[in-house]
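Working notes, beginning with the structure itself.
Below, chain A is the first sequence line, B the second, and so on; all start at residue 1. On a predicted model such as this, the values are computed, not experimentally measured, just so you know.
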Amino acid sequence: MFSVTVQSADFDVAAETKALTIANTQIGAVASFIGLVRGSEDSVRSMELEHYPGMTERALEAILAQAQTRWPLDAARIVHRFGRLEPGEQIVLVLTASRHREAALEACAFIMDYLKTQAPFWKKEDGPEGARWVDARESDESATDRWSD
Amino acid sequence: MDVLYFAWMRERIGRSSEQVDTTGMTTARDLVEYLKGQGRGYELAFEKMHAVRVAIDQEVATLDSPIGHAREIAFFPPVTGG
């Protein structure tokens, strides 16, 4: 099972993990990444996540397809939220399942690196000095580059 | 053709989408040159071209990509999800 969902609602990591693995007892490893909103009263008080409906889902599906060509995955799932989020809230979930841990762990890192530079999401943070759009980071580009061979 | 804008480009232009007659235009760059002449907001949105990304029919493209048979073209800044 390979699937992506873009939603404003929160997600339940335990329920998502169970749904991913329940039908396949050959799975021996699940790796997960959970991204949270980092912030405080004097830094980020809330954020607004905008995305490009349609293209976002296609971009995430393309990333999962790429991961499948590189690692022997049995299942993978991406859930990414949009809309207004507050510090401590979950933003993104990546789950990868395989027979052994190496493929699951590497594919999970690969998917997050690609998601950061290829999925059409934009963050606007609200803090003590008002709202500002987050700048893209050079380090995210180089994190993606490490997978090219 | 449907033209879409996201994030600070959308804010500077003051709308999220519009219909543009692209007759006579060949590439995304031709469309940008036309849009830049549509007012101050557009000028500001396309001020730093190195920060402008393009998608044609929801696939990543470049400014030199042909737009001939496209239904939808989107302009947006570098992505910051995750």
Side-chain angles (χ1 to χ4, degrees), chain A residues 4 6 33-38 44 47-63 78-83 85 90-94 108-125 130-141 143-144, chain B residues 1-20 22 27-29 31-32 35 40-82:
Chain A
V4 309
V6 181
F33 175 85
I34 300 147
L36 306 177
V37 179
R38 196 177 53 237
V44 176
M47 77 164 53
E48 189 75 34
L49 251 161
E50 180 172 333
H51 77 113
Y52 181 173
M55 182 175 173
T56 311
E57 289 82 352
R58 288 170 70 157
L60 296 177
E61 281 163 7
I63 294 168
I78 303 174
V79 182
H80 203 302
R81 294 177 69 192
F82 64 91
L85 297 169
Q90 306 185 121
I91 307 180
V92 59
L93 171 67
V94 176
C108 188
F110 170 90
I111 290 166
M112 264 317 293
D113 285 347
Y114 272 69
L115 186 154
K116 282 264 178 192
T117 56
Q118 302 197 347
F121 287 98
W122 302 274
K123 289 187 186 125
K124 190 180 193 179
E125 294 176 344
R132 56 174 281 278
W133 290 97
V134 174
D135 285 325
R137 289 163 49 169
E138 202 70 40
S139 60
D140 288 335
E141 285 291 341
T144 306
Chain B
M1 187 183 311
D2 289 319
V3 183
L4 279 61
Y5 312 106
F6 292 94
W8 52 259
M9 295 193 69
R10 168 180 57 73
E11 288 183 342
R12 289 179 185 182
I13 289 165
R15 59 177 68 176
S16 57
S17 69
E18 64 186 316
Q19 285 274 327
V20 177
T22 55
T27 64
R29 196 183 300 277
L31 175 57
V32 170
L35 291 169
R40 185 74 184 129
Y42 290 90
E43 265 179 58
L44 285 171
F46 290 104
E47 191 178 38
K48 294 179 188 149
M49 286 309 293
H50 67 271
V52 174
R53 301 289 179 268
V54 190
I56 296 175
D57 288 338
Q58 304 190 354
E59 298 281 352
V60 173
T62 71
L63 287 168
D64 296 313
S65 300
I67 57 171
H69 301 289
R71 292 183 314 278
E72 181 176 299
I73 179 161
F75 294 103
F76 45 81
V79 303
T80 56

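Closest of all the heavy-atom pairs between B/F6 and A/P53 is CE2-CD, 4.5 Å. The minimum heavy-atom distance between A/M55 and B/A55, with the atom names listed, is SD-CB, 3.6 Å. Contact between A/W122 and B/P77 at its shortest, heavy atoms only, is NE1-O, 2.9 Å. Here the closest non-hydrogen pair linking B/D57 and A/R58 is O-NH1, 3.5 Å. The shortest heavy-atom contact between A/V134 and B/T80 is O-CG2, 3.4 Å.
Within residues 9-18 of chain B, the residues that have a heavy atom under 4.5 Å from a heavy atom of chain A are B/R10, B/E11, listed by number.
Heavy-atom contacts from other residues, nucleotides or ligands closer than 6.0 Å to CZ of A/R132 number more than 12.
Classification of the A/Y52-B/F76 ring pair by plane angle, with boundaries at 30° and 60°, yields perpendicular.
Counting heavy-atom pairs under 4.5 Å between each of A/R137, A/E48, A/K124, A/R81 and chain B puts A/K124 at the top. Listed options A/A119, A/A62, A/G35 were ranked by heavy-atom pairs under 4.5 angstrom with chain B; first place goes to A/A119.
The shortest distance between side-chain heavy atoms of B/V79 and A/F121 does not fall below 4.5 Å.
With a 4.5 Å cut-off on non-hydrogen atoms, A/Q118 touches chain B through its backbone but not through its side chain. Neither the backbone nor the side chain of A/D140 comes within contact range of chain B; no heavy atoms are under 4.5 Å apart.
Under the 3.5 Å distance criterion, the side-chain polar atoms of A/K123 are matched with a main-chain donor or acceptor of B/G82.
Considering only residues two or more places apart in sequence or on other chains, B/R71 meets the side-chain hydrogen bond (donor to acceptor under 3.5 Å, both in side chains) condition with none of them.
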